[in-house]
Amino acid sequence: MKLSILGATGSIGTQALEVVDDLRGIKEIEIVGLTGNRNIKLLETQIRKYRPPFAAVADEDAAKELKVRTRDTDCRILCGEDGLSEIAVQESVDMVLSAIVGFAGLVPTMRAIEQGKDIALANKETLVTAGNLFMQAVKEHGVRLLPVDSEHSAIFQSLHGGKAQELKKVLLTASGGPFFGWKREALSRVTKADALQHPNWSMGAKITIDSATLMNKGLEILEACHLFGVGIEDVEVVVHRESIIHSMVEFVDHSILAQMALPSMKHPIQYAFTYPARLVSKDAEISFSELGRMTFYQPDEETFTCLALAKRAGTEGGLMPTIMNAANEVAVAKFLRDEIGFLEIPEIVERAMQDFENKAQPTLSQIVETDRLVRESMQRLNEKA
Ligand code: NDP
């Protein structure tokens with residue numbers, strides 16, 4: 001298989017390259033293109049190890065620096081959104097792993113779909129912001145879309161146990177994040193360092209904060225709706241602190257099928273690369289006797305209002321998920337720069353959802369433009385405050 005990785009320097013990207021190494025001798029995966037953003041040093045190391053003919057970075061200065069650093073290699077360095085897209089559409093590419101964080105992954109992933117490339121999708125924000133157009137393009141171009149998000153990979157795998165019309169609901173599991181059981185008063189004092197401590201997963205900064213606010217679970221509800229053609233009311237969030245069950249599906253006969261594994265993203269990444277085959281994994285396996293017990297709780301939507309906001313955006317549809325997602329990206333970036341407190345994240349999201357007008361069935365250019373306008377506005381709003 002020939003693979004391009006959008007977001008190779010991130011948490012998912014680096015684990016995907018480990019999977020490529022793990023599969024050597026079992027399934028050969030050739031790397032055609034790699035992309036990064038700021039982490040030029042790591043991208044250079046990856047270029048030297050995997051020898052892709054192409055690499056791209058979003059930033060122009062970073063691209064210039066990378067060109068100098070890799071001038072003794074055969075790798076062609078591209079830059080900007082066009083450069084990222086070019087990596088994704090190279091003729092020889094069979095599959096694109098979409099693992100850029102946030103809205104920035106949307107256009108290159110759409111270009112890959114338009115060129116008929118199979119997609120291993122980690123970047124949930126693309127489905128949240130442009131899910132209808134995305135799924136329409138997947139259908140039109142006949143591409144295979146494989147979920148990498150562990151919950152969605154679990155749902156995808158569990159759905160093999162029944163027919164679409166036999167599905168009753170999706171049970172989306174959530175770890176609950178580092179502040180499970182906390183109330184607003186305590187949350188008003190949390191710091192960036194507290195929020196970056198996820199109990200079960202080591203991930204990029206943005207998704208780690210989204211997990212702490214439960215926005216991540218909100219984004220995942222919308223992701224599940226698009227991927228599996230279900231309504232928001234058909235997705236039930238279940239807090240499962242141990243992150244062993246990665247999600248479940250319930251059929252009309254009340255049988256529930258679940259997918260379980262120790263919490264490691266290498267499992268769903270490998271399954272996306274080898275589907276429909278299951279190949280030997282180098283990951284550790286579950287020992288139920290060591291695990292002892294598994295616990296389940298209801299999410300606290302009154303305290304973690306991002307979950308309710310995401311559901312509301314999904315119910316309203318049209319441009320509202322784009323508005324919600326853009327505001328959340330701005331708010332999380334501000335929190336990571338210590339400019340706002342933890343509880344201001346949902347406030348910014350709610351403010352954007354109030355201020356911006358919704359529009360049904362937006363085009364891709366309307367989505368891109370709205371994302372830009374919301375970012376500008378939410379940035380200014382907080383500067384004045
Ligand atoms: P990281 O922050 O670790 O990595 C993000 C990647 O995107 C890096 O390669 C980064 O480059 C690149 N990037 C960042 N901004 C831009 C930009 N503006 N233009 C182009 N490239 C950019 O994120 P994760 O790997 O954690 O997450 C990636 C996606 O996968 C997210 O959508 C997340 O929700 C999803 N996901 C992640 C999981 C995880 O375990 N990490 C689990 C399930 C889903 P650089 O590092 O060089 O700056």
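Counting starts at 1 for both ligands and their atoms, following the listed order. All residue numbers refer to positions in the sequence shown, counting from 1. These numbers were taken from a predicted model, which means no experiment stands behind them.
Here Asp82 pairs with nothing under the side-chain hydrogen bond (donor to acceptor under 3.5 Å, both in side chains) rule; sequence neighbours left out. Every residue two or more places apart in sequence or in another chain that forms a side chain to side chain contact (heavy atoms under 4.5 Å, CB included) with Thr303 is listed here: Lys183, Arg184, Leu187, Asp300.
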Mind listing the side-chain donor-acceptor pairs of residues 144-151 below 3.5 Å, one per line with the distance, residues two or more places apart or on another chain?
unit_1: Asp149; atom_1: OD1; unit_2: Lys124; atom_2: NZ; d: 3.4
unit_1: Asp149; atom_1: OD2; unit_2: Lys124; atom_2: NZ; d: 3.0
unit_1: Glu151; atom_1: OE2; unit_2: Lys217; atom_2: NZ; d: 2.9

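Using a 3.5 Å distance cut-off with no hydrogens or angles, the side chains of Tyr275 and Asp118 do not pair a donor with an acceptor. Donor-acceptor pairing under 3.5 Å is recorded for the side chains of Gln15 and Ser11.
Aromatic pair Phe304/Phe179: ring centres not closer than 6.0 Å.
Within 4.0 Å of ligand 1, heavy atoms belong to protein residues Gly7, Ala8, Thr9, Gly10, Ser11, Ile12, Gly36, Asn37, Arg38, Asn39, Ala58, Leu84, Ala99, Ile100, Val101, Ala104, Ala122, Asn123, Lys124, Glu125, Asp149, Met203, Gly204, Ile207, Met265.
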